[in-house]
Amino acid sequence: MGRLESAVMRVLIVEDEPDLLRVLVADLEEEGYAVDAAADGVDGLDKAQAWDYDAIVLDVMLPKKNGWQVLTQLRESKSTPVLMLTARDATADRVRGLDTGADDYLVKPFELAELHARLRALIRRAAGQSRPVILIGEIAVDTVSKTVRRKDEIIVLTAMEYSLVELLALHRGELVTRTMIYDHLFNEDDESLSNLVDVHVSNIRKKIGKEFIITRRGQGYLIDG
Ligand code: CA
């Protein structure tokens, strides 16, 4: 990946159903992604090879080249995280996808919230692999041991506080919306916890420092890059 300066996560959607493609593009743009679209396998592969996307959403059944062919050819040169969209809930299909080098799959029809969550996880995993320790001033966020240190001193955080710090650290310099935080940290049934984001942020500030997390009122939070 190596796009450390990127202000926005950039994703490619390869999907031949025009209505679904439109919905996905609009939805992911709403989520704050920069979104490119391709409606067939040839265009999809061209774009996937030409750009370092943070993630690619790749439909299996596509004209010109199917999703498996696109993925196989892409993997010859790039390890971009790929989320396959499969119409069939068949084990053989999923195994084939993972064998071919897909990082995750989603069975149609799916909830947009699940797509968001899986994309975040993919991008986080990919970022974590290339940057296991994220340095923010004298604060080190270790995404492998799941700890936060100031110099040699461990700062004791709850699991939820750590997850929130990691999410913000992986997106440092970018606004992390409350929607992103909910999608990433909370289960859908955890409605009651939603309002506690402010409390977690407040507790993190007490432990790490007041300026560590910046509030954008009504929008979300960020750690300055
Ligand atoms: Ca299709």
Side-chain angles (χ1 to χ4, degrees), residues 1 3-11 26-35 54-55 81 83 104 111-225:
M1 309 305 297
R3 303 194 311 117
L4 298 176
E5 300 302 316
S6 71
V8 181
M9 294 287 170
R10 183 167 187 168
V11 298
D27 173 67
L28 292 180
E29 283 178 345
E30 178 87 0
E31 282 297 295
Y33 291 99
V35 185
D54 293 291
L83 174 70
D104 201 358
E111 298 291 328
L112 290 173
E114 184 167 13
L115 175 67
H116 301 163
R118 286 175 183 259
L119 269 183
R120 296 253 152 255
L122 269 192
I123 291 170
R124 184 169 42 115
R125 276 209 300 269
Q129 280 160 13
S130 55
R131 286 174 288 159
V133 178
I134 304 162
L135 289 171
I136 300 153
E138 58 182 20
I139 301 296
V141 180
D142 187 328
T143 60
V144 176
S145 66
K146 305 286 178 197
T147 53
V148 174
R149 281 174 290 120
R150 174 182 279 112
K151 293 178 182 161
D152 288 332
E153 174 206 354
I154 296 242
I155 298 172
V156 180
L157 300 175
T158 66
M160 184 63 75
E161 288 163 6
Y162 173 80
S163 297
L164 187 49
V165 167
E166 183 188 88
L167 178 66
L168 292 167
L170 286 171
H171 295 273
R172 64 186 297 190
E174 302 165 31
L175 180 72
V176 176
T177 65
R178 298 179 71 90
T179 308
M180 284 164 69
I181 294 171
Y182 299 148
D183 284 350
H184 189 86
L185 298 185
F186 299 106
N187 295 329
E188 281 179 281
D189 343 331
D190 284 348
E191 293 289 336
S192 61
L193 290 179
S194 303
N195 296 330
L196 293 181
V197 172
D198 298 323
V199 175
H200 293 305
V201 168
S202 163
N203 288 337
I204 291 166
R205 284 183 175 136
K206 281 177 198 151
K207 294 175 179 179
I208 301 182
K210 199 158 173 274
E211 284 80 34
F212 186 66
I213 297 175
I214 297 163
T215 302
R216 286 281 163 77
R217 203 164 292 281
Q219 297 182 307
Y221 303 94
L222 70 102
I223 288 176
D224 219 343

Exercise answer: donor-acceptor pairs, residues 202-211 side-chain atoms, under 3.5 Å, sequence neighbours excluded:
| residue | atom | partner | partner atom | Å |
| --- | --- | --- | --- | --- |
| N203 | ND2 | V199 | O | 3.4 |
| R205 | NE | K210 | O | 3.4 |
| R205 | NE | I213 | O | 3.1 |
| R205 | NH2 | I213 | O | 2.7 |
| R205 | NH2 | T215 | OG1 | 2.7 |
| K207 | NZ | V156 | O | 3.2 |
| K207 | NZ | E161 | OE1 | 2.7 |

query = Y221 and D198: side chain to side chain donor-acceptor pair (under 3.5 Å), yes or no, with the steps?
reply = CA-CA 10 Å; Y221 303 94; D198 298 323; 2.3 Å; yes
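The CD atom of E166 sits 10.5 Å away from atom OG1 of T147, with the distance rounded to the nearest 0.5 Å. In this structure, CG in D27 is found 3.5 Å from NE2 in H116, a value given to the nearest 0.5 Å. Taking CZ from R172 and CG from L222, the interatomic distance works out to 11.0 Å, rounded to the nearest 0.5 Å. In this structure, L196 CG and L164 CG are separated by 11.5 Å, a value rounded to the nearest 0.5 Å.
Within the 4.5 Å cutoff, side-chain heavy atoms of M9 are placed close to those of E174. Counting heavy atoms from C-beta outward, L28 and L119 have side chains that approach closer than 4.5 Å. Residues I223 and H171 fail the side-chain proximity criterion, which asks for heavy atoms closer than 4.5 Å. By the 4.5 Å heavy-atom criterion applied to side chains, F212 and I136 are counted as neighbours.
Listed by chain and residue number, nothing satisfies the salt bridge (charged side-chain N to carboxylate O under 4.0 Å, His left out) test with E29 (two or more places apart in sequence, or in another chain). Residues satisfying the side chain to side chain contact (heavy atoms under 4.5 Å, CB included) criterion with E30, sequence neighbours excluded, are absent altogether. Residues passing the salt bridge (charged side-chain N to carboxylate O under 4.0 Å, His left out) test with R150 are E138, sequence neighbours excluded. Partners of T177 by side chain to side chain contact (heavy atoms under 4.5 Å, CB included), not counting sequence neighbours, listed by chain and number: L175, T179, M180. With sequence neighbours left out, Q219 forms a side-chain hydrogen bond (donor to acceptor under 3.5 Å, both in side chains) with no residue at all.
Taking each heavy atom of A55 and I123 in turn, the nearest pair found is CB-CG1, 4.0 Å. Residues L135 and A140 approach most closely at CD2-CB, 3.7 Å, considering heavy atoms. For the pair R178 and V197, the tightest heavy-atom approach, listed with the atom from each and the gap, is NH2-CB, 4.3 Å. Taking all atoms of both residues into account, the shortest heavy-atom contact from E31 to R120 is O-NH2, 4.1 Å.
Side chain of D142 to main chain of V133: no donor-acceptor pair is present (N/O by atom type, distance under 3.5 Å, no hydrogens or angles).
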